[in-house]
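Working notes, beginning with the structure itself.
Fair warning: this is a prediction, and the values are worked out from it, not measured in the lab.
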Protein chains: 2
Amino acid sequence: MHKEHTLTKNQQIIFDLIDKSPEPLKAYSILFNVQKKGIKAPPQVYRALDKLVEMGKIHKIESRNAFIACHNSSCQVAKATAFSICEICEKVTEISSAGLSKYLANFKDKDGMKYSKYNLEFFGLCKKCR
Amino acid sequence: MHKEHTLTKNQQIIFDLIDKSPEPLKAYSILFNVQKKGIKAPPQVYRALDKLVEMGKIHKIESRNAFIACHNSSCQVAKATAFSICEICEKVTEISSAGLSKYLANFKDKDGMKYSKYNLEFFGLCKKCR
DNA sequence: TACATAGTGTTATATTATAACAATTTAAAT
DNA sequence: ATTTAAATTGTTATAATATAACACTATGTA
């Protein structure tokens, strides 16, 4: 178990915004929303995002270039992420399934290779959109 | 079984390039490589890429913004993709594991929802890079 | 033929992300 | 407390990725 990270000012501002958002946020949308708090330029946003991702506080949804907060308190989630994405309303939900994460964490390819990290994105229609 | 797609001129040029490449290619790298063949502007490349992805002839590696040819003859691969990515040399391999695809195709989340499509990216070190 | 659909060529621009460098803050170590 | 190293910040500029919009051409089919 590693030390709890304390967020820096910019990290905290940006994390709070993402954490409050019901949907994944894109970097420039974050930028526009935090300009009133003094964060004026893209590198400030991207640096904070990078650190937050490293810490596992947020995750990047690769297929959408957007970021959501992690609500999974597990330490491993930064290295083992799974999401469901609705192709209509774009709602994104982090999947936490012990079965799934166990299966993937133990998955070995043909050469017997195991992996240290994975990201899985499922696509379909959410309940509302069916 | 749907009709075999015949590739159009631009699609064929771009598919051939990707298919011959040992590594994933990025859109602008493709563009530079096909300019001598008369494909001069980004939209021509992106349009061909979009169609090729739709057809399942190539896949996009989301975490890398790059494209590789599908060598999996299965019809389902466009909707069910898994890759291993070496974090040192960036080698990318498409994983074809019946067990894995069966597991994921049948995966249901907490709400009992099934998904029509998924993309999985594993990260680690390949044999050479360990 | 004529009509619809898909593909092409082109210019411009939107969106996403990083390089580079100076200044400041923080943490830790004498 | 003072110094030092490391991390963070602020800033400008620019790179890299991707799409909008519109005119035109090719292809398939009624």
Donor-acceptor pair between [X] and [Y] side chains, under 3.5 angstrom:
X       : Y       : answer
B:His71 : B:Glu94 : no
A:Asn33 : A:Gln35 : no
A:Ser63 : B:Glu62 : no

Position toward the 5' end of DNA chain D (nearest nucleotide), B:Asp50 or A:Gln11: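 Taking each residue's closest nucleotide, the earlier one in sequence belongs to A:Gln11.
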Contact nearer the 5' end of DNA chain D, comparing A:Ala41 with A:Lys51: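 Its nucleotide being nearer the 5' end, the pick is A:Lys51.
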The side chain of [X] lies closest to which of these nucleotides: [options]?
X       : options                : answer
A:Gln44 : D:dT19, D:dG10, C:dG7  : D:dG10
A:Arg47 : C:dG9, D:dG10, C:dT11  : D:dG10
B:Pro43 : C:dA17, C:dT8, D:dT19  : D:dT19
A:Pro42 : C:dT18, C:dT10, D:dG10 : C:dT18
B:Tyr46 : D:dT19, C:dT10, D:dT12 : D:dT19

Gap between atoms [atom1] and [atom2], on [X] and [N] respectively (whole Å):
X       : N      : atom1 : atom2 : answer
B:Asn10 : C:dT8  : CG    : P     : 4 Å
B:Leu31 : D:dT19 : CG    : C1'   : 14 Å
A:Ile39 : C:dA17 : CD1   : C1'   : 17 Å
A:Lys40 : D:dA13 : NZ    : P     : 15 Å
A:Ile30 : C:dA17 : CD1   : P     : 10 Å
B:Leu49 : C:dT8  : CG    : C1'   : 15 Å
A:Arg64 : D:dT19 : CZ    : P     : 11 Å
A:Ile13 : D:dT9  : CD1   : C1'   : 11 Å

Using only side-chain N and O atoms of [X], determine if any of them is under 4.0 Å from OP1 or OP2 of [N].
X       : N      : result
A:Lys60 : C:dA17 : yes
B:Thr8  : C:dA6  : no
A:Lys9  : D:dT8  : no

base_contact_polar (D:dA18 base, B:Tyr28 side chain, donor-acceptor, <3.5 Å):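 Such a pair is found, so the answer is yes.
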Comparing B:Gly38 and B:Asn65 on DNA chain C - which has the more 5′ nearest nucleotide: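 Its nucleotide being nearer the 5' end, the pick is B:Gly38.
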Distance flag, aromatic centroids of A:Tyr115 and A:Phe107, threshold under 6.0 Å: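 No, ring centres 6.0 Å or more apart.
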Under-4.0 Å salt bridge between B:Arg64 and B:Glu121: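 So B:Arg64 does not pair with B:Glu121 through a salt bridge.
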